[in-house]
Q: 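Let me give you the structure first, and then I'll get to my questions.
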2 protein chains.
Amino acid sequence: MSSSRPRRDFPNAEHDHSHCAAHALGQADLICEARGVRLTEIRRRVLEVIWDSHVPIGAYDILAKLNAGGGRSAPMAVYRALDFLIENGLVHRIDSRNAFFGCSHPEEPHRAQFLICNVCSAVAELDSEALHETVRRTARTKGFRVENVVIEASGRCPNCARKSAP
Amino acid sequence: MSSSRPRRDFPNAEHDHSHCAAHALGQADLICEARGVRLTEIRRRVLEVIWDSHVPIGAYDILAKLNAGGGRSAPMAVYRALDFLIENGLVHRIDSRNAFFGCSHPEEPHRAQFLICNVCSAVAELDSEALHETVRRTARTKGFRVENVVIEASGRCPNCARKSAP
DNA sequence: TGCGAAATGTGATATTATAACATACTAAGG
DNA sequence: CCTTAGTATGTTATAATATCACATTTCGCA
């Protein structure tokens, strides 16, 4: 009832992002291998595009990036890849933005909450079981049986908060 | 740091819904009057349609109901009315469903969280400042300054939970 | 009454997502 | 190897959600 277990903070501007992306792709390979599911070409490319940054990206922006090199994929291809990636915990959907971004610790299933910067759009993922449990418990007092919880906070990330009114 | 202040629970099937709706409309009149804003014809009709039930309704479904009697309104009219109603706290938007529903206690501004039944779609509004504060505080530990919080839990409402696996 | 702001009308279009059906690929058993 | 059943992808169309831009009307008030 107390463990707030953050796994990834807001990255600073100078971090080596290619490392994040490479690591995520490597993890995805391992996870899919372990689970006996296939990280096919298009699924992998969608995941790569998503990991181009720490900013959530819309399905049609993913599509545009896929097709930037002359590709001819259709929206369905992207949505199907996203379905797969989400189902396997490799990607999260941000409901309040209709956008997608890469899960930073997909190796185990988890309840995630999101912090979304209104200035730079960066997202950090919390993983507070306590928070989740608090919602569940509060709901329970109304006789409501929780199956899924969406928690998305928007505001200023540390980097952007520093630059504006402190 | 402890007050969970629920204002409306899940209504049971037999409740006199015309009362809910009438009360909400009356409240809306009073609130707009007090604030010096205008609850115009179309805004009022949109609010009425929303209060036809305790189930969140999509913008185009609102439009269809408005036009059911031979009306000729366009989507913009509905979205503009919704903007007004949301801005004035009379209606909430459920991000995870792209749908709207009537606020049950609009007389004062508040942070709301939602419980959404996956079976019957009924929504109950929590108003737990504690929950909101927990999110804010947790975010703060990451240096994140919260401006807005979305909390939407889906699951089984008491009525539907009773009918299925107990 | 007439002015300026607010509200609404109108038509086009942007954005997000899914349906339906055809084709191609893959893995596993015979 | 070959078939085959299931999985994945291609393709076209369309549904569902939301906004832009500009014209017109209405309202409160000087």
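The sequence lines fix the lettering, A, B, ..., with proteins before strands; numbering per chain opens at 1. These numbers were taken from a predicted model, which means no experiment stands behind them.
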Q: From the options D/dA18, D/dT12, D/dT9, select the nucleotide whose nearest atom is closest to the side chain of A/Met76.
A: D/dT12

Q: Measuring to OP1 and OP2 of D/dT9, would you say a side-chain N or O of A/Thr40 lies under 4.0 angstrom away?
A: yes

Q: Hey, which of these two, A/Arg38 or A/Ala99, hits DNA chain C nearer its 5' end, going by closest nucleotide?
A: A/Ala99

Q: Could you give the CD1-to-P distance, from B/Ile94 to D/dA16, as a whole number of Å?
A: 20 Å

Q: Measure CZ/B/Arg72 against P/C/dG11 and give the value in whole Å, please.
A: 11 Å

Q: Taking donor-acceptor contacts at under 3.5 Å, does the side chain of A/Tyr60 reach the base of C/dA17?
A: yes

Q: Tell me whether the side-chain N or O atoms of A/Arg80 pair up with the base of D/dG10 as donor and acceptor below 3.5 Å, since no angle test is needed here.
A: yes

Q: Check the phosphate of D/dA18 against B/Arg93, side-chain N and O only, distance under 4.0 Å to OP1 or OP2. Yes or no?
A: yes

Q: Rounded to the Å, how far apart are B/Ile86 CD1 and D/dA18 C1'?
A: 12 Å

Q: Is the shortest distance from a Lys or Arg side-chain nitrogen in A/Asp95 or A/Arg93 to a carboxylate oxygen in the other one below 4.0 Å?
A: yes

Q: Regarding B/Glu133 and B/Arg136, does a basic nitrogen lie under 4.0 Å from an acidic carboxylate oxygen?
A: yes

Q: Please state how far atom CZ in B/Arg44 lies from atom P in C/dA7, giving the value in whole angstrom units.
A: 17 Å

Q: Give the rounded distance in Å between these two atoms: CG of B/Asp95 and C1' of D/dA18.
A: 13 Å

Q: Is the shortest side-chain N to carboxylate O distance from B/Arg111 to B/Asp127 below 4.0 Å?
A: no

Q: Check whether any side-chain nitrogen or oxygen of A/Asn98 sits under 4.0 Å from OP1 or OP2 of D/dT17, and answer yes or no.
A: no

Q: Provide, to the nearest angstrom, the distance between the CG atom belonging to B/Leu39 and the P atom belonging to D/dT26.
A: 19 Å

Q: Write down the distance between CG (B/Asp61) and P (D/dT17), rounded to a whole number of angstrom.
A: 7 Å

Q: Where each residue is assigned the nucleotide of DNA chain D containing its nearest heavy atom, which of B/Asp83 and A/Ala81 is assigned the position nearer the 5′ end?
A: A/Ala81

Q: Within the 4.0 Å heavy-atom criterion, would you say A/Arg43 contacts the bases, only the backbone, or no part of the nucleic acid?
A: sugar-phosphate

Q: Grab the CG-P distance between B/Leu63 and D/dT19 for me, whole Å please.
A: 15 Å

Q: Check the orientation of A/His110 and A/His92. Use parallel for under 30°, tilted for 30 to 60°, and perpendicular for over 60°.
A: perpendicular

Q: Tell me whether the rings of B/His54 and B/His15 are parallel (<30°), tilted (30 to 60°) or perpendicular (>60°).
A: tilted

